[in-house]
Amino acid sequence: MRENKIIAEGKSKKIYFIDDDTNFMVFKDHLRSITYKREENIKGTGIERLKACIYILNLLEQYGIKTELKDRRLKTFDNEIGMVVKPVRAIPIEFIARFYAAGSILRLYPSIVKANQKFDPPLFKYDLKQDISIGGVDDPTLNESYIVGLNLLTQNELDECKRLLGQVAYILNKELDQAGIRLIDFKIELGFDKSGNIIVIDEISQDCLRANDMLTDTSVTKDAFRQMKSDDEVLESYKRFNKMLIRKKNN
Ligand code: C5P
């Protein structure tokens with residue numbers, strides 16, 4: 001690992017090229033909520049997201065779901081801590097599943113949706129990854145007809161993505177439930193590996209999940225940030241998520 005070419009860098013992540021079959025993903029201490037107009041660096045959140053992400057991707061692998069993860073453990077490269085991943089071609093869609101009503105579904109459909117309403121089976125939503133500066137809307141929502149008709153995916157590929165979203169939803173919900181955490185909703189990203197398989201890519205962490213400690217009904221993920229909690233409280237929430245989730249397995 002000598003080359004340190006950065007092939008992608010955003011506000012919350014950085015990806016290094018290692019070799020033709022290997023990249024290295026680093027999580028930065030950055031949080032942003034466009035809806036709540038808050039953007040900050042909160043020291044320590046990057047490593048907590050990384051720990052959660054590696055734990056969750058390993059868990060999915062144990063269930064036979066292919067992910068971007070190439071090495072089961074957290075690694076150091078160029079004095080940065082991150083995870084070793086495969087090169088992938090990302091699908092420009094955020095795949096979202098909701099178990100309870102919160103967030104955008106409440107803001108957009110108040111005439112038919114009540115706060116905390118349960119969805120069984122979970123609802124699926126597909127958002128196009130498109131920056132707010134392009135069309136004035138952040139990640140506009142697609143439907144299945146748009147996804148296929150606009151050539152983002154073939155029908156078969158979309159069916160496979162939906163199958164994966166359903167599997168991830170089942171596994172995450174079960175795992176968090178066992179840890180005393182109520183899963184409200186989450187987002188995953190999917191992409192193609194070198195052989196053309198659709199796999200789970202990118203981050204699954206406190207930043208992509210809405211989830212509460214069942215005992216206190218307080219957020220252990222990014223809602224703590226959206227609820228304008230202090231930086232220390234946000235970091236504590238992120239740590240608590242990992243303590244509850246990862247400690248559970250060691251008992
Ligand atoms: O915005 P919305 O309420 O539809 O988000 C649903 C879930 O997807 C939330 O857990 C949110 O954190 C996650 N999400 C995300 N990144 C986005 C959009 C949503 O992680 N760009």
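Just so you know, ligand 1 is whichever comes first in the structure, and atom 1 is the first atom listed for that ligand.
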- Answer with side chain, backbone, both or neither: which part of Arg226 has a heavy atom less than 4.0 angstrom from an atom of ligand 1? side chain
- Any atoms of ligand 1 less than 4.0 Å from a non-hydrogen atom of Ser104? List them with their elements. 1 (O), 2 (P), 3 (O), 4 (O)
- Can a salt bridge be assigned to the pair Lys66 and Asp193 using a cut-off of 4.0 Å between side-chain N and carboxylate O? no
- Between Thr221 and ligand 1, find which residue part has any heavy-atom pair under 4.0 Å and reply side chain, backbone, both or neither. neither
- Message: Could you check whether Glu61 pairs with Arg72 (Lys NZ or Arg NE/NH1/NH2 to Asp/Glu carboxylate O, under 4.0 Å)?
- Response: no
- Should the pair Asp207-Lys187 be classified as a salt bridge under the 4.0 Å nitrogen-to-oxygen rule? no
- Query: Would you say Arg107 has any N or O atom under 3.5 Å from an N or O of ligand 1, going by distance alone?
  - Reply: no
- Message: Which residue is it: Lys51, Arg49, Lys28? I am looking for the one with a salt bridge (Lys or Arg N to Asp or Glu O under 4.0 Å) to Glu203.
- Response: Arg49
- Proximal atoms of ligand 1 relative to Asp139 (non-hydrogen, under 4.0 Å): 21 (N)
- Task: Using a strict 4.0 Å threshold on nitrogen-to-oxygen distance, state whether Arg226 and Asp223 make a salt bridge.
- Result: yes
- Task: Run down the list Lys125, Glu94, Lys187 and name the one with the heavy atom closest to atom 13 (C) of ligand 1.
- Result: Lys187
- Between Ile184 and ligand 1, find which residue part has any heavy-atom pair under 4.0 Å and reply side chain, backbone, both or neither. neither
